[in-house]
Each structure stands twice: as C-alpha cells, then as structure tokens.
Trainee: 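Below you'll find the structure I mean.
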Amino acid sequence: MVPRAESSGTATEGAGGTAVPDGVPLATEAAGLRGVAETLATESVCAGTTGVGGVCATTGGTVCVESTGFAPLPHAAIPPNIVTDKNLLITISVRTLRRLALAGSVLLSATPALAQRSGQRTWRREDIAARGWHRLGDIVAALPPGTAGSIDGFNWQLGSMSVPMPESRSSGPSAWLFRIDGARIPVDINGLWMFDLAPVAMTQVDSIVVSTMPMIIDGRPVRGGSIDVFTRRPAAPVSVTADYQHGDESGDPGPYRYTPRANPNVEKLGPFTSGAIGVRRSHVAADAGARYTSLNITDQQVLADLGSASPSVQSDVNASGGSGTITTWTDSSEQKTFGGRGRFTGLTLVPSTHQLETARVIGGYGASAGTARIGALKLRYAATRAELDTRPQTSSLPFTIGHTRALTDALIDAPISRFLELGAGVTNWEATASGFASVSRVEGRGWASLNVHDVHGLVAMSVSNNNVLPSAELRASRLLGTTAVGIRAIHLSTRTDSDDGWIGPNGGPIATSKALSTDELRLTLDPANFSWLTGFTRVWRASYPDGIGGDGRWQFGAGLQAGHDIANRVLLHAAAEAVSRRDDESTPGFSASGDASMHAPGNFLLAAAAGISSETTWDIPGSNQSTRGIRRLDLSANKSMWHDRARAQLVLRNLFNTAERYHPLGAQWNLRTHLALTIDLPPYRSTP
Amino acid sequence: MRPLIAMALLAATAGAQDSSYSALRLRAAVVRNPIAGHITDDWNPGTGVSGEAATNVGKAELSLGFSHLGYDPKTGKPPYKATMFSLTATRQVIARSRVSVDGGGRLTDYRMDFDDPTVGQGLETEEEVMLSAVGRGRLRVRRPWTLFGDVSYGVLMLGTKTHTVFVNAGVEYDGRMPDWLRNFLR
C-alpha cells in the first residue's frame with residue numbers, strides 16, 4: 001500500500017513530487033464523491049507513487065489517488081508531461097449525479113500498463129453495495145464464474161481459468177495471494193479459503209482489487225491471482241458504521257408440507273452483520289470492527305454426502321471476529337497497523353483430503369504495511385505475523401486436519417533511481433500437529449524492477465529449501481496506428497514444497513518436492529476508437545509433476561474486458577474469457593460476467609449482474625464429478641436515506657432460479673432474497 | 001436581459017430537480033386469491049384485507065403494502081393464514097381524464113402461519129418470496145379520493161412453484177408527503 005497522492009486545485013502532485021499538469025478537468029465537489037476505475041492500469045495518475053493507481057477520488061479541492069501496491073513501479077512510471085495512461089479512465093461521481101469523466105489522452109507512447117489491463121478490476125464501496133456484498137467471503141463473486149468452488153457458499157477453494165481447483169489437482173503452494181493494505185494475510189486451510197477469518201470487517205473496507213492472472217507480487221510467484229483489500233481511513237473525528245443483512249432461499253414446502261408434494265425445508269441465509277467505530281485526530285486514525293456471519297446447511301445433496309453423520313453435524317456454518325486498524329500518515333507516506341482475531345466453526349470439505357470434516361479454526365493476526373521516507377529514499381514495507389489454529393469440532397466425522405500453522409512475513413521495497421526498484425522479503429512458516437515434531441521453513445526472496453520508457457522488466461528470485469527459484473516478467477507496449485498493443489511474458493518458478501506447500505494436511509511436512517512452473521504470454525489490444533474495451537489473447541503453459549495439475553500441455557485463451565460509462569449515469573462492465581481444452585476441467589473453459597449499475601431518481605442505486613460459465617468436471621478420487629456451469633442473474637436496489645446516513649438494500653440472487661452449484665457435491669443455490677440495512681454516521685467518503 | 005437569463009436558468013434547474021417523494025398515497029382494499037395453483041386442491045382462500053402506502057419516485061410509483069387473508073382447509077389439512085409484505089413499483093401507462101392504468105412489478109414476502117399444534121417450535125411459520133407482475137386501474141372520484149383495483153399474476157417460489165393471481169379492490173387517498181419524511185427519504 002502506498003500513500004495517496006494529494007493535491008489542490010487541478011494539479012496533482014504525486015507522492016514522489018511529480019506533478020500532473022494543470023488544465024485537467026478534475027471534479028472538485030465537497031461531498032459525495034466516488035472514484036471508480038473504469039479500467040485498471042498499473043500506473044498511478046500521479047507519477048512518483050510506487051505501486052499501482054487504480055482509483056481516484058476527490059474531496060474538496062483535493063485529488064487523491066489510491067495506489068493499490070499491486071506491482072511496484074519506479075517513480076518515473078509516467079513522464080510528467082503525460083496526464084494519464086490511455087487505459088486509466090477515471091470516473092468521478094458527485095452526489096448531484098453529475099459525473100465528470102477524466103479520460104486519459106491518447107498517449108504518444110503507451111505505457112507498460114497496457115499488457116496488465118486485462119484480468120484486473122477494482123471494487124469500490126459503491127460497487128460493493130451494488131453487488132450486495134456484506135461479508136468478506138462474498139468477494140469470490142468477483143472471480144470469473146466457475147473458478148471458485150464451494151459446497152456451502154461459505155468457504156471457497158480458488159482456481160482460475162488456467163489453474164485447477166485444489167481438490168481436483170492439488171499442487172503445491174496456494175495459487176492465490178490475499179493481502180490487506182499490502183500485507184499478506186493467510187486465510188486458507190489446506191486449500192480452503194476462509195475469508196471471514198481475516199482481520200477486517202466489511203464495513204471497514206474501502207476498496208478491493210481482484211486480479212485473475214499469473215503475476216509476481218512482492219517477489220513472490222502467484223499462479224492464479226490476487227485479492228487486495230484496502231481498508232478505509234476514517235474521515236470524521238468520530239464515525240460509526242453498522243451493517244446487517246438477512247436472506248432467504250426459495251424452495252420451502254409451504255402448505256404442501258401436508259401433501260404428497262412435500263419437500264424438505266430450506267433455511268435462511270444470515271445474518272451477515274458487522275460494525276465499526278472510527279476516530280481521527282490530525283494525522284492519526286483508529287478503526288475498530290466486529291463481525292458475525294452464519295448460514296444454515298440444509299441442502300439435500302450436502303446432507304446426503306454426510307449420510308449417517310448428518311445428525312451429529314452442526315446445522316450451520318458461522319464465523320465471527322474482531323479487528324482494529326491504526327492509520328498514520330504524512331504528506332508523503334502512510335502506515336497502517338492492524339490486527340484481529342477470527343473464528344470459524346462448522347462443516348468443511350477439505351480440498352487436500354477430499355473429506356468432509358467439522359472444524360473450529362481460530363486465526364490470530366498482526367500486521368503493518370505502508371510507506372516511509374528515510375531521507376530522500378521512500379520505501380514500502382509490509383510485515384505480518386499470523387497463526388491459524390485448526391481444532392476439532394465434535395461430530396461423528398473423522399477429523400484429520402488438526403494443526404497449527406504460523407506465518408511470519410516481511411518485505412521491503414524501494415526505488416533506487418528513476419528506472420530501478422529493488423525489494424527483498426522473507427517468509428517463515430511453522431507448523432505443529434499431533435504426532436509430528438514442529439517444523440519450520442524459511443524462504444527468502446529478492447526482486448528488481450526496471451522501467452525504461454515503455455518497457456518494464458521484473459526479475460525475482462526466491463530461495464526455498466536450498467532451491468533457487470527464478471521468476472521473471474517482461475512487459476512492453478506500443479501504439480500501432482490507433483490501437484495500443486501491449487505484450488507481457490511471465491515465467492513463474494515454484495516447487496510443490498514452496499511457501500506453505502510443504503505443510504501436509506495434518507500439519508506434518510510432505511515428502512514430495514517437485515518443480516512447478518508457469519509461463520504465459522499475453523497480448524493486449526486497446527483500440528483508441530473504443531477506449532472502453534480491451535481485448536486480449538494469451539498462451540499459457542504449466543509444467544506440473546505427474547498427476548498433479550496437468551502434463552504441461554499448452555493452453556490458449558482469449559477474452560475481452562469492457563468498462564463503459566453511459567451519459568454519466570450508467571456504469572457497465574463486462575468480461576469474458578475462453579480457453580482451450582486442458583487436462584483438468586475443474587474450472588470452466590468459458591466464463592463471462594457482466595454488471596451494470598445506475599443512479600436512479602429518488603436516490604436509488606440499481607444494479608444487475610450476470611454470470612455464465614461452461615460445465616466443469618472435477619477429478620475427485622473415486623469418480624469424475626461434474627457441474628452444469630453457472631447461469632445466474634442478480635438484481636439489487638439500494639435506497640439511500642437520511643442524506644446517505646442510512647441505506648436499505650434488496651438483493652435478488654439467481655433471479656431465474658437456474659442451476660447454480662459450485663461443487664459437484666455441493667449445495668444448489670435457488671433464488672434467494674436478501675434484505676440489508678447499513679448505517680453510516682457520518683456518511684462515508686474516501687478521503688486522504 | 002440578464003434577469004431573463006437568470007430566470008431561465010433557474011427554471012431549468014428547478015425542472016431538472018428530482019421531485020420524488022412529494023406525494024403520499026394511502027390505499028385500503030379487500031383482497032382475494034382466485035388462483036393459487038395446487039394450494040386450492042386442499043385449501044380455500046378467503047377474503048382478506050390489504051393496505052398500502054405509495055409515493056412517487058421519478059416518473060414511477062413505489063409502494064409498500066401489507067395483506068392478510070386466511071386459507072380454510074377442504075381436505076382436513078390444518079388451516080393457515082397468509083400475511084404478505086409487498087414492494088411494488090409501477091408506472092402509469094394510460095391516463096384519460098379521471099381514469100388511469102398503471103403497470104409494474106411486485107416482490108412479496110408471503111408468510112404462512114399454520115394453525116397446527118402438532119408441529120414443533122419454529123415450524124409453525126414459513127416465509128417464501130413471490131414475484132409478480134401487477135396492473136392497476138384507478139378512477140378518481142373526487143380529490144383526494146380515488147377508487148382502484150389491481151390484479152397481480154405471480155409465482156410463489158415454494159418447492160412446488162405455484163402460479164397465483166391476487167385481486168385487490170379499494171379506495172385510495174392522495175396526499176402530500178410530510179416535509180420531515182420527504183427529507184428523510186431523500
């Protein structure tokens with residue numbers, strides 16, 4: 001996470017001191033502003049900020065750019081005489097419904113951001129509200145439909161269009177990276193992601209950036225994607241926010257319970273509730289939050305999977321926790337220190353063991369991340385200490401995953417010159433389990449990033465268990481006629497026992513150590529006449545050990561991503577991708593999603609979202625199991641009242657009541673209705 | 001000249017302002033459920049009552065409604081009462097003199113309370129969602145009073161999908177939204 005660049009008037013001064021020229025028509029409304037990234041370049045509007053600029057928001061006369069810390073870039077990522085990257089379309093929305101679009105001018109020379117434009121999206125609070133997300137686990141809906149799997153819709157296993165589901169082809173370390181404010185936060189247990197453990201309540205979230213492609217992040221090879229959560233900075237001296245959602249799934253028997261047409265009951269979803277209290281004094285802010293989420297497990301498929309154990313299993317899955325964040329900042333730096341505790345109890349389907357188990361998982365977290373200036377050097381840092389304790393929960397199901405894992409992770413990253421940035425990081429994993437001696441593994445990594453004109457290179461090296469694992473990325477872009485063409489080549493080297501991959505299902509070390517590499521070549525096209533559209537094509541190959549994730553066959557993929565603002569009132573977004581046949585089909589060969597949101601009279605925010613994906617086939621021991629694919633339409637209506645202090649929400653998910661199953665043995669999700677109420681005192685605004 | 005320009009700008013601005021929530025319409029009606037799918041195999045829907053509060057939102061109308069009616073058994077099953085909470089959005093499609101026709105959609109929470117002493121606690125009540133299309137005819141008698149009737153066709157999303165038709169007939173009072181309430185809603 002890097003500091004927001006601040007300015008007054010129409011000039012924006014980056015954190016590194018590089019100014020965006022005057023004359024750019026920036027909105028300067030005092031209240032109710034929303035910044036939405038229509039496209040997601042990796043470049044900040046404000047040159048000089050290391051990291052990624054994805055969003056702009058204004059308050060009063062100040063323009064602030066939020067950098068996502070996605071991939072560190074040198075100070076001179078954008079020459080000062082270039083306003084914005086062509087691909088960075090910034091929409092600023094005001095309460096009076098007048099939105100000024102700040103569109104980057106067509107560059108004389110495109111920036112390296114172009115090749116990164118596909119496969120990434122930023123979700124701001126208004127986008128989160130439009131989608132009806134009230135718990136952190138809901139954010140998996142941002143992934144391409146069909147690439148996240150779950151039996152109950154509460155905890156998820158994550159794949160991608162190229163990376164198999166962990167349960168189908170488990171292979172080494174986690175393919176995804178989850179960060180809060182730039183600090184790595186582990187929430188996965190044996191391939192199952194429990195986002196509700198994370199030390200942040202949804203009411204504390206300012207924005208989320210989801211990337212769904214292989215990357216090198218903080219020197220770490222990430223095969224599937226990343227989810228970055230950025231927490232809010234309280235703006236008022238004292239602020240309180242509370243959120244409550246309750247849902248109901250259709251399909252109850254009703255009066256037919258007394259007739260031959262009777263069917264089993266389906267129960268309620270929720271509550272999903274959270275709250276936070278924030279205080280701010282000068283350049284210090286503190287924010288404390290709490291959360292509770294729950295849903296009942298009544299699906300007949302899941303109950304059938306449990307068989308005779310069903311009566312002994314807790315009827316719901318639930319999670320709760322508390323978290324706190326302290327934010328400090330200066331004109332050119334920001335630091336966030338946060339911590340918290342999360343708890344999950346209930347049924348899990350453990351991907352690494354393919355077994356249903358009931359568990360109580362406790363997560364304890366402490367982390368700090370941000371930027372600091374030491375003399376003329378501005379560096380970025382992040383440090384995390386996390387413990388995940390998996391304990392048994394009473395039921396007649398066998399329990400095999402009892403263990404404690406602890407992560408200590410630290411990194412530092414600094415620009416050395418206009419062109420060069422260096423970073424280093426260290427990761428220590430420890431694991432203890434009954435029947436095993438405690439084990440510990442330390443990995444070190446270093447990376448160097450070079451940016452010259454429109455070519456960006458990144459080389460990373462990690463040392464793990466006496467193995468040196470190089471990864472590299474090269475990006476370049478050029479304007480050809482009226483089309484900006486970007487190209488990115490990336491090579492990722494890991495091993496099955498890298499990072500946390502060496503810890504087995506029951507906490508002991510796994511014996512296998514095999515090379516695991518991923519290569520992708522991605523070509524991105526941005527036509528100037530359709531500045532809201534990006535097309536891409538890619539070639540991907542993963543070299544896996546035998547029987548794990550594939551045999552190294554080449555995969556071809558193509559897709560597009562579009563974001564458009566119609567008449568400053570309707571926001572549209574669409575993404576679609578198709579890939580060639582793979583050895584593992586647990587993730588779809590085709591996936592598409594689209595959403596639209598619109599400010600309507602009466603202070604309404606109306607939204608629709610649709611997702612479609614092809615069927616999947618999971619390589620589950622004993623059989624190949626299939627899902628039909630996703631066909632889903634969601635509608636939502638948000639009504640703001642009391643001058644944005646209160647918001648009532650109605651969400652309809654799977655409006656057409658189609659097949660919606662995220663695991664061959666998982667629950668079918670019928671049409672469901674959610675009602676929610678959110679209170680913000682005072683109304684939240686993204687501010688510097 | 002300048003005052004004329006200023007007045008023109010002011011008029012344009014005023015016209016562009018959102019006039020939502022300026023009206024408050026209250027409706028009371030009797031309600032019938034003439035079509036209720038396979039529910040009518042074993043129950044007779046009775047005659048119930050409904051109430052509704054509506055306001056203008058842009059060019060449409062948004063209303064919150066409440067209905068209550070009983071279902072008497074025909075085949076020895078326990079009786080039950082249905083209480084429905086509805087959110088309706090309509091828009092005027094025809095307006096002639098004192099007659100108007102509106103059309104739109106309705107989302108209803110259909111709550112069932114079963115009069116069955118044999119069921120365990122927590123099972124006496126069920127709720128289900130119903131999605132409907134609604135058409136309403138209105139005849140203004142004398143301000144602020146209007147007679148209305150509406151018909152809704154919907155699907156009750158029980159495990160056995162049930163196609164339903166509800167009919168409401170009653171009287172409507174057209175008033176002005178209190179300033180404090182309008183300010184809260186905006």
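Below, chains carry the letters A, B, ... as their sequence lines are ordered, and counting in each starts from 1.
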Trainee: Please classify the contact of B:Leu156 with chain A as side chain, backbone, both or neither, using a heavy-atom distance under 4.5 Å.
Mentor: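 Looking at B:Leu156, nothing touches chain A.
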
Trainee: In terms of heavy-atom pairs under 4.5 Å with chain A, which of B:Asp116, B:Leu87, B:Leu131 leads?
Mentor: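 That would be B:Asp116.
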
Trainee: Side chain from CB out, backbone as N, CA, C, O: work out which of these in A:Ser640 comes under 4.5 Å of a heavy atom of chain B, or both, or neither.
Mentor: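 Answer is backbone: N, CA, C or O of A:Ser640 sit under 4.5 Å from chain B.
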
Trainee: Is a side-chain N or O of A:Thr259 found less than 3.5 angstrom from the main chain of A:Arg261, in a donor-acceptor match?
Mentor: yes

Trainee: Looking only at the aromatic ring of each residue, does the gap between the centers of A:Trp669 and A:Tyr662 stay below 6.0 angstrom?
Mentor: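 No, the ring centres sit 6.0 Å or more apart.
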
Trainee: Below 4.5 Å from any heavy atom of chain B, which atoms of A:Asn657 appear? Answer side chain, backbone, both or neither.
Mentor: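 For A:Asn657, side-chain heavy atoms alone lie under 4.5 Å from chain B.
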
Trainee: Side-chain contact, heavy-atom cut-off 4.5 Å: B:Pro73 with B:Pro78?
Mentor: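 Result no, sub-4.5 Å side-chain heavy-atom pair not found.
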
Trainee: Between B:Glu128, B:Met112, B:Lys161, which residue shows the highest count of heavy-atom pairs closer than 4.5 Å to chain A?
Mentor: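 Heavy-atom pairs under 4.5 Å are most numerous for B:Glu128.
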
Trainee: Using non-hydrogen atoms and a 4.5 Å limit, figure out which bit of B:Tyr21 sits close to chain A: side chain, backbone, both or neither.
Mentor: side chain

Trainee: Thinking salt bridges, do A:Arg135 and A:Asp138 make one under a 4.0 Å N-O criterion?
Mentor: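 The answer is yes: the pair qualifies as a salt bridge.
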
Trainee: Among B:Thr88, B:Thr90, B:Asn168, which residue satisfies the side chain to side chain donor-acceptor pair (under 3.5 Å) criterion with B:Asp150?
Mentor: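 For B:Asp150, the side chain to side chain donor-acceptor pair (under 3.5 Å) test succeeds with only one of B:Thr88, B:Thr90, B:Asn168, which is B:Asn168.
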
Trainee: Could you walk me through whether A:His663 and A:Asp152 pass the side-chain hydrogen bond (donor to acceptor under 3.5 Å, both in side chains) check?
Mentor: CA-CA 9 Å; A:His663 187 285; A:Asp152 57 11; over 6 Å; no

Trainee: Counting only heavy atoms closer than 4.5 Å, note whether B:Asn183 contacts chain A via side chain, backbone, both or neither.
Mentor: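 Contact with chain A is through both the backbone and side chain of B:Asn183.
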
Trainee: So which part of A:Arg257 gets closer than 4.5 Å to some heavy atom of chain B, the side chain, the backbone, both or neither?
Mentor: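 For A:Arg257, the side chain is the part near chain B, not the backbone.
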
